[in-house]
There are 2 protein chains.
Amino acid sequence: MAEQVTRKSPPPKRLSEQLQVGCQQCSLSELCLPEGLSEDEFARVEALISKRRKVLRNRSLFHTSEPMEAIYAVKTGCFKNEVMSADGRTQVVGFSMAGELLGLDGIGSGAHRCEAVALEDSEVCLIPFNQIEALAAQIPTLQRHLHRLLSREIVRDQGVIMMLGTMNAEERLIAFLLNLSHRLSIRGYSPVDFYLRMSREDISSLLGLTIETVSRAFTRLKEEGLIAVEKKHVRLLDPAALKARLSTPVA
Amino acid sequence: MAEQVTRKSPPPKRLSEQLQVGCQQCSLSELCLPEGLSEDEFARVEALISKRRKVLRNRSLFHTSEPMEAIYAVKTGCFKNEVMSADGRTQVVGFSMAGELLGLDGIGSGAHRCEAVALEDSEVCLIPFNQIEALAAQIPTLQRHLHRLLSREIVRDQGVIMMLGTMNAEERLIAFLLNLSHRLSIRGYSPVDFYLRMSREDISSLLGLTIETVSRAFTRLKEEGLIAVEKKHVRLLDPAALKARLSTPVA
DNA sequence: AATCAATGTTGACATGGATCAAGTCCGCCG
DNA sequence: CGGCGGACTTGATCCATGTCAACATTGATT
């Protein structure tokens with residue numbers, strides 16, 4: 001099951017090969033990088049992001065308290081972001097899929113404040129933060145993009161806060177599924193038929209519920225014909241009805 | 001009670017007077033601005049932040065969906081940050097006190113994603129975002145500072161997520177009080193004796209609870225001798241015990 | 001094939017917090 | 001002064017979710 005990532009090339013890639021896969025060829029560049037870069041600018045950014053790193057399933061890309069020397073763009077696979085409190089509580093604060101950035105929370109203190117764990121064999125592009133920061137000072141478009149990404153992460157987190165603060169179990173699950181659906185569709189995947197990369201436990205942590213409650217919420221939505229679930233395979237049978245559930249609770 | 005802010009000068013300030021109160025004289029500059037700026041750099045930053053704006057109690061500094069043309073530093077007073085969902089839910093995502101920034105969430109989309117409401121008559125420094133961004137490109141110290149602030153906001157939000165995801169009512173209230181306490185002490189105020197600026201309703205929204213539950217949690221902590229509360233006046237009688245409550249729940 | 005550990009589902013029951021309803025304490029305003 | 005509304009507290013009850021336990025499924029190991 002947990003086999004090495006070997007989809008793009010034979011066994012162990014050589015460094016020279018890794019370097020060849022640039023941002024220009026990457027279908028995700030429109031998610032990671034700003035539009036409107038000149039060729040020269042693009043090349044300078046690309047030069048910074050030449051390093052890749054593979055992370056096997058259940059391994060960490062970085063740990064809490066580890067010094068932050070780079071941020072990461074998910075190239076393939078999926079991660080969960082977990083924060084840990086002083087007293088040992090653990091909380092999933094989000095999942096990161098291809099084209100999304102990881103490690104932005106480490107900029108403030110210079111150390112990562114959360115742990116990024118691969119949910120499947122994954123690969124990330126390494127972005128040395130000091131260097132991208134220096135380059136951003138020279139390329140306004142890049143600078144603006146970086147600020148936008150940071151700000152969007154704030155907005156995303158506030159969305160999670162709203163979910164936790166105002167929604168019941170069923171609504172939380174629906175919000176979660178619709179959020180996944182939306183992000184998948186942006187990436188060209190089906191918004192109504194997908195496989196969950198994360199366990200019920202990870203979902204329940206993000207949603208601030210127990211796994212039993214999440215399981216029952218899945219079952220109820222299934223019984224009502226709104227979704228189909230078998231294990232990790234989810235189909236949204238009535239996306240409109242799901243969205244409607246998030247608006248006025250009953251009537 | 002709700003009188004205008006007139007502590008620093010007679011009745012209605014003239015613009016020329018407002019401009020005189022620069023960052024140099026502001027005791028909060030160490031919170032808003034980076035250390036290590038040269039005199040020249042400091043002056044350039046200061047020149048950008050010369051505008052002030054007063055916001056009366058219960059008035060909004062900005063509204064959701066309003067175009068974001070500036071970010072703000074709280075000079076005096078206190079704000080609540082509220083996000084609203086499409087379906088009309090409202091959620092307080094945090095409170096901002098003197099020296100803290102407001103409006104960072106608007107950078108991503110160019111429009112504010114939340115509403116900032118003054119909890120008392122307050123004053124903010126207006127920071128035109130485009131200009132501070134441009135200046136940051138020229139002053140690395142400033143750029144780094146800006147990134148840190150953005151990142152810290154992410155970390156702060158993740159802390160709220162953890163609170164909502166893992167704590168019970170009493171723990172949430174304790175976490176909230178200790179957080180306030182800490183921020184007040186940084187500003188030179190007593191960490192164990194303070195006045196709440198926000199209503200029980202605002203607190204309950206942030207904590208994802210009802211006002212009744214918040215009220216009962218206050219009462220219980222009071223009965224246990226951990227705090228003293230009369231209305232908005234709170235005293236932490238046993239901060240160590242409060243902190244201990246956040247660690248291992250029972251034993 | 002047998003065993004085992006993870007993972008998820010389902011049921012029965014307990015409980016923390018929501019809901020509903022008074023009631024108190026204010027400051028405010030006529 | 002008296003009445004009124006808003007903010008908060010307190011009590012009684014209900015219910016959504018947590019807890020505990022059994023069981024199913026799956027894949028890994030032997």
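Note that the coordinates shown come from a computational prediction; the quantities given were computed from them, not determined experimentally. Lettering of chains follows the sequences in order, A, B, ..., and the numbering in each one begins at 1.
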- Under 3.5 Å, is there a donor-acceptor pair between the B/E115 and B/S60 side chains?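 Short answer, yes.
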
Rounded to whole Å, please give me the gap between [atom1] in [X] and [atom2] in [N].
| X | N | atom1 | atom2 | answer |
| --- | --- | --- | --- | --- |
| B/E230 | D/dA7 | CD | P | 20 Å |
| B/F218 | C/dG17 | CZ | C1' | 17 Å |
| A/L209 | D/dT19 | CG | C1' | 14 Å |
| A/H233 | C/dT7 | NE2 | C1' | 19 Å |
| B/E223 | D/dT9 | CD | C1' | 12 Å |
| B/I211 | C/dC20 | CD1 | P | 13 Å |
| B/E212 | C/dG23 | CD | P | 16 Å |
| A/L196 | C/dG8 | CG | C1' | 13 Å |

- Item | Face-on cation placement of B/R200 at B/F218 ring, 6.0 Å and 45° thresholds |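 Yes, B/R200 lies over the aromatic ring of B/F218.
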
- Query: Want to settle it: does A/K231 or A/R172 sit nearer the 5' end of DNA chain D, counting the closest nucleotide to each?
  - Reply: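 Its nearest nucleotide being more 5', the pick is A/R172.
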
- Looking across every strand, which nucleic acid part, if any, lies under 4.0 Å from A/K232 by heavy atom: base, sugar-phosphate, or nothing?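 If one applies the 4.0 Å heavy-atom cut-off, A/K232 turns out to touch the sugar-phosphate alone, with no base involved.
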
Please state whether the phosphate of [N], meaning OP1 or OP2, lies under 4.0 angstrom from any side-chain nitrogen or oxygen of [X].
| X | N | result |
| --- | --- | --- |
| A/R216 | D/dT17 | no |
| B/T213 | C/dA18 | yes |
| B/T210 | C/dA18 | yes |

- Query: side-chain contact (heavy atoms from CB on, under 4.5 Å) between B/L242 and B/L177: does it pass, once the steps are laid out?
  - Reply: CA-CA 9 Å; B/L242 288 170; B/L177 292 174; 5.7 Å; no

- Item | Short N-O contact, A/E223 and A/R220, less than 4.0 angstrom |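 Between A/R220 and A/E223 there is no salt bridge, as every charged N stays at least 4.0 Å from the carboxylate O atoms.
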
